[in-house]
Enquirer: 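What follows is a single structure, and I will ask about it in a moment.
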Amino acid sequence: MNKSEEVSKLKIIPLGGLEQIGMNITAFEYEDSIVVVDCGLAFPEGDMLGIDLVIPDVTYLKENIDRVKGFVITHGHEDHIGALPYVLREVNVPIYATKLTMGIIEKKLEEHAGLFKDVKRKVIKFGQSLNLGQFHLEFIKTNHSIVDAAALAICSPAGMVIHTGDFKVDYTPVYGDAIDLERFATLGKKGVLALMCDSTNAEREGFTPSELTVGKVLDTIFNENKNTRIIIATFASNVARVQQILTTAHKYDRKVAVEGRSMVSILDIAQKLNRITVPENTLIDIDELKNYPDERTVIITTGSQGESMAALSRIANGTHKKISIKPTDTVVFSSKPIPGNEKSVTKIINELFLKGANVIFQDTHVSGHACQEEIKLIYALVQPKYSIPVHGEYKHLKAQATLAESLGMPKENIFILRSGDVLELDADEAKVTGKVPQGAIYVDGLGIGDVGNSVLRDRQNLAENGIVVSSIVLDEYSGTMVSGPEIYTRGFVYVKESEEMLEEAREVLSLALTAAFDKGVTDWGKIKNVMKDSLTDYFWKKYKRRPMILPIIMSV
C-alpha cells in the first residue's frame with residue numbers, strides 16, 4: 001500500500017460526560033466527516049447559584065461545522081438530549097434517533113418558540129443503517145429505563161466502534177423486545193476496534209433486576225393499601241414504570257390522574273407513538289379526582305428527586321392548587337435519589353410523614369444501567385481490541401477499566417479519557433494525541449454563556465457574606481470630598497444592632513480616603529480601590545468575614 005492509499009486514523013473526542021453523570025456528547029471524526037453521539041445537559045450543583053442548566057462547550061463543532069454530518073442520539077433522557085435546543089442554534093445539523101426519542105426531542109424543540117422548524121430530523125428503526133459521510137452507523141436494540149434506547153455500531157474505514165449508550169440486559173422488558181444480544185455477538189465476530197460501554201453501575205456486582213420485578217412490588221402495595229389513595233412519584237421519562245402503574249391500577253379498579261408538566265408531556269407523546277398502552281376508562285384528568293372516592297384513585301406525579309418546584313414538592317408543602325396530602329394517603333417513591341439529591345428527597349419524605357401519610361420508598365425501583373455481569377457479557381460478545389469506559393464519574397470509569405482488565409484486556413488498551421481528549425486509533429495502535437476546547441456553559445434564564453465562574457464566585461460570596469455598599473460625593477472641579485462616606489449593608493449584619501460597628505467602619509474608610517487625597521490621588525479607579533481595600537481589611541480583621549464591597553463615587 002502506497003502512502004496515498006494509507007488509511008487514516010479514527011478520532012474519538014468526548015466533549016462532555018466523563019467527569020459526571022450528565023452532559024454526554026462525543027464526536028467521532030474521520031477525515032472530512034464528524035458525527036456526534038448525544039447532546040446532553042447537566043443539572044447545576046449546589047454552588048451554582050441561580051444557574052438553571054449546564055450545557056457542553058461545542059466550540060470544536062462550531063469551528064468544524066462544515067464537516068459535522070449530524071447528531072445521532074441513543075435515547076431520550078435529558079443528559080443525552082437536553083442541550084440540543086441550545087447547541088442547535090450554532091450547530092444546525094440533522095438529528096437521527098429512534099421513534100420515542102425523536103418524539104421527545106421534537107416536543108423539546110417546539111417549546112423553544114419554534115426556532116427549529118428547519119432542523120432536519122429522521123427516525124431510525126432498530127437494525128436500520130445510516131450513512132453519514134465516511135461513517136456507516138447502525139442502531140441496535142437495548143433496554144434502559146426509557147423505551148426505544150439504542151446502542152450504536154459506528155463504522156469507519158479505520159474500524160468499528162460500538163457505543164452501548166445507557167443500557168441494561170432485561171430479558172423480560174415491560175415494552176418491546178429484549179436487548180439484541182445476537183447482534184452484538186455478530187458484530188463481535190466481524191471485529192470490533194473499540195467498545196464504549198456504560199459505566200454507571202460498574203461498581204455493582206451481579207445483574208440489574210428486570211423492570212418487571214417492580215410490577216410485583218407495586219401489585220403488593222396496591223393489595224395492602226386498598227382503602228387509601230395512592231400517590232406514586234417516579235421519573236417522567238420512565239414510560240415502562242408508568243405502564244406498570246396504569247396496568248396495576250386497572251387491575252384494582254382505580255382511576256389514574258397524572259400530574260407534572262413533564263409527566264403529562266411524555267405520556268402524551270408515548271400514547272401518540274404507541275409506546276404505552278393505557279387501559280380503557282383508567283386515565284382521568286386531575287380535576288376529575290373529586291368525582292371518585294380516594295380508595296379508587298391513583299396519582300402519578302413528578303418530583304421523586306425532591307425538586308422544589310415539582311408537583312410532589314408542592315403537594316407535600318401544601319402549595320399545590322389541586323392536591324393536598326391527607327393522613328390516609330399512601331405515597332410511593334418509585335425511584336432512588338440521584339447522588340446529590342438525598343437531602344432534598346429526605347426533606348419531602350419528612351414533610352409527608354408529618355402530614356400523616358404512609359410513605360414507601362424501598363424496593364420500588366430498579367436501575368436502568370448494567371451491573372458488572374452484564375458489562376462482562378457485552379465484552380464477551382463484542383471482544384473489542386480497545387476499551388473506552390464512558391458515562392460516569394472517574395470512579396465509575398475506573399471500575400469498568402478494572403473489570404475490562406480482569407477479563408484479559410491489556411492495560412495499555414484501556415483508555416480512561418477526559419472531556420476534550422483526542423483519542424486517535426486504528427487496528428495497529430491507539431493514543432491520546434491532543435485536546436480540543438471543552439467545558440461547561442451555564443444557562444441562566446434566557447442567558448446562555450453570559451454567566452461565568454467569576455459571576456458564580458460573586459454570587460457565592462453574596463450568599464455567604466452579604467454586601468456592603470460605600471459611597472462618597474466628590475466636587476467635580478476640585479476633586480475634594482463634599483459628602484460621605486456613607487455605608488449601607490444587606491445580608492452582612494443586622495443594621496439596627498450594628499450601628500456602632502458601621503460607624504467605626506465609616507471612620508476607617510474616612511481616614512483611608514483622607515490619606516489618599518493628601519497624596520494627591522484623583523483617579524476614580526484608584527479611589528475605589530482604596531475604599532474597597534480599607535473596608536475589606538477592616539471587616540476581616542474585626543469579624544473574619546469578607547462581604548462583597550461595592551464602592552460608589554458621585555460628583556456634584
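The structure presented is a predicted model; accordingly, all values stated were derived computationally and were not measured.
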Enquirer: For Asp79 and Asp166: C-alpha separation, side-chain torsions, deciding distance, then whether side chain to side chain contact (heavy atoms under 4.5 Å, CB included) applies.
Expert: CA-CA 11 Å; Asp79 59 331; Asp166 293 3; 4.3 Å; yes
Enquirer: What residues, two or more places apart in sequence or in another chain, satisfy side chain to side chain contact (heavy atoms under 4.5 Å, CB included) together with Lys395?
Expert: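 Here the qualifying residues are Glu203, Glu393.
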Enquirer: Here's a test for you: under side chain to side chain contact (heavy atoms under 4.5 Å, CB included), which of Leu84, Val37, Ile81 qualifies with Phe71?
Expert: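 It is Leu84, the one option of Leu84, Val37, Ile81 that forms the side chain to side chain contact (heavy atoms under 4.5 Å, CB included) with Phe71.
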Enquirer: Show your working on side chain to side chain donor-acceptor pair (under 3.5 Å) between Thr172 and Ser210 and close with a plain yes or no.
Expert: CA-CA 6 Å; Thr172 56; Ser210 170; 2.7 Å; yes
Enquirer: With Thr142, which residues qualify under side chain to side chain donor-acceptor pair (under 3.5 Å), at least two apart?
Expert: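 Listed in chain order: nothing, the list is empty.
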Enquirer: Below 4.0 angstrom, N of the basic side chain to O of the carboxylate: do Lys431 and Glu424 qualify?
Expert: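 Not counted as a salt bridge, because no side-chain N and carboxylate O are separated by less than 4.0 Å.
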Enquirer: Verify whether one side chain among Gln134 and Glu31 offers a donor that lies under 3.5 Å from an acceptor in the other.
Expert: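 The answer is yes; a qualifying pair exists.
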Enquirer: Could you work out, with salt bridge (charged side-chain N to carboxylate O under 4.0 Å, His left out) as the rule, every residue matching Glu138, not counting sequence neighbours?
Expert: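 Partners of Glu138 under the salt bridge (charged side-chain N to carboxylate O under 4.0 Å, His left out) test: Arg183.
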Enquirer: Among side-chain atoms of Thr74 and Asp38, is any donor-acceptor pair under 3.5 angstrom?
Expert: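 Side-chain D/A pair, Thr74 to Asp38: present.
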Enquirer: Does a side chain donor of either Ser335 or His365 reach within less than 3.5 Å of an acceptor in the other side chain?
Expert: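 Judged by distance alone, the side chains do not pair up.
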Enquirer: Can you run down the ring pair (Phe, Tyr, Trp, His ring centres under 6.0 Å) pairs that involve residues 123-150, sequence neighbours left out, and say none if there aren't any?
Expert: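 Matches after skipping sequence neighbours: His75-His144, His77-His144, His144-His369.
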Enquirer: Side-chain donor-acceptor pair under 3.5 Å between Tyr379 and Gln400, yes or no?
Expert: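 Yes, because at least one side-chain N or O of Tyr379 sits under 3.5 Å from a partner of the opposite role on Gln400.
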Enquirer: Assess the residue pair Ile276 and Tyr175 against the criterion (side chain to side chain contact (heavy atoms under 4.5 Å, CB included)); give the C-alpha distance rounded to whole Å, side-chain angles, the decisive distance to 0.1 Å, and a yes or no.
Expert: CA-CA 8 Å; Ile276 194 169; Tyr175 177 89; over 6 Å; no
Enquirer: Of Lys9, Arg67, Lys69, which meets salt bridge (charged side-chain N to carboxylate O under 4.0 Å, His left out) against Glu29?
Expert: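 Output: one option passes, namely Arg67.
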Enquirer: Would you tell me whether Glu259 and Thr301 have side-chain atoms, one donor and one acceptor, within less than 3.5 Å of each other?
Expert: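 No, no side-chain donor-acceptor pair sits under 3.5 Å.
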Enquirer: With sequence neighbours left out, write down each residue that passes salt bridge (charged side-chain N to carboxylate O under 4.0 Å, His left out) with Lys216, or none if nothing qualifies.
Expert: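 Lys216 satisfies salt bridge (charged side-chain N to carboxylate O under 4.0 Å, His left out) with no residue once adjacent residues are dropped.
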Enquirer: Hey, does the side chain of Asn143 reach the backbone of Ala178 with a donor-acceptor pair shorter than 3.5 angstrom?
Expert: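 Judged by distance alone, no pair lies under 3.5 Å.
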Enquirer: Partners of Asp363 by salt bridge (charged side-chain N to carboxylate O under 4.0 Å, His left out), sequence neighbours excluded?
Expert: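 For Asp363 there are no salt bridge (charged side-chain N to carboxylate O under 4.0 Å, His left out) partners, ignoring immediate neighbours.
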Enquirer: Asn201 and Ser367: side-chain donor and acceptor closer than 3.5 Å?
Expert: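 Yes.
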